[in-house]
Amino acid sequence: MSGPTRTAWATLAADEEQYRPLYARALGLRFVNPGGVLCFLFFEGVVALAVLLALAELVSWWAVLILPAAVAVMVKLNDMVAAVVVRSAALVPEQERDRFRRQMEPVVGRARVEWITHSVPGIVVSAEPAAPTERPEDPAARRNPAASS
């Protein structure tokens, strides 16, 4: 496992860092980059939900503090998992990635299938129509075929 690890692309430039939402900067998110609306829902939305639950007396007032903290811990944990995934993907050699991409490409085409008579046991497959057999309607004609003509 030699070679440089490529994690430089995941960090943000200093110019872009100041435009990130305060929630993402406060948590120190490096790999997960939530937008402004998502950060609003992560913090203010969860606080509002906790207040509504507390006003409905479904939870204690401690939930107003605990619920946003729990969401922040989950977002940070998600960022840490994303960091591990990016680092492990960077260690895979380029030729292995190309081989995997070739294996995963769908192939669309038509295959010619020849009928084999013994391919389905117990069923005879034929491309030609069967010759019709004559069946006499009169039971007496079945016993004596010469009498019917």
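Please read these numbers as outputs of a predicted model, since none were measured by experiment. Values below: every heavy atom of this structure, side chains too, minus hydrogens, waters and symmetry copies.
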Asks: Are side-chain heavy atoms of Leu29 and Pro34 found at a separation under 4.5 Å?
Replies: yes
Asks: Specify the closest pair of heavy atoms between Asp79 and Gly28, including all atoms of both residues, with the distance to one decimal.
Replies: OD2-O, 4.0 Å
Asks: Side-chain contact, heavy-atom cut-off 4.5 Å: Leu67 with Leu49?
Replies: yes
Asks: Which atoms form the tightest heavy-atom contact between Ala54 and Ser60, and what is the distance?
Replies: CB-O, 4.2 Å
Asks: Just do the side-chain contact (heavy atoms from CB on, under 4.5 Å) check on Val85 and Phe31 with the steps written out, would you?
Replies: CA-CA 10 Å; Val85 169; Phe31 294 90; over 6 Å; no
Asks: Measure from the side-chain N and O atoms of Arg25 to the backbone N and O of Arg20, and report whether any donor-acceptor pair falls under 3.5 Å.
Replies: yes
Asks: Given the rule that I, L, V, M, F, W and Y join up when any side-chain heavy atoms are under 4.5 Å apart, are Phe42 and Val32 in one cluster?
Replies: no
Asks: Do the non-hydrogen side-chain atoms of Tyr23 and Val75 ever get within less than 4.5 Å of each other?
Replies: yes
Asks: Kindly indicate whether the side chain of Leu55, heavy atoms from C-beta on, has any atom under 4.5 Å from the side chain of Trp61.
Replies: yes
Asks: Group every Ile, Leu, Val, Met, Phe, Trp and Tyr by side-chain heavy-atom contacts under 4.5 Å, then state whether Leu27 and Val71 land in the same group.
Replies: yes
Asks: Quick one: closest heavy-atom pair of Val59 and Ala50, and the distance?
Replies: CG2-O, 4.4 Å
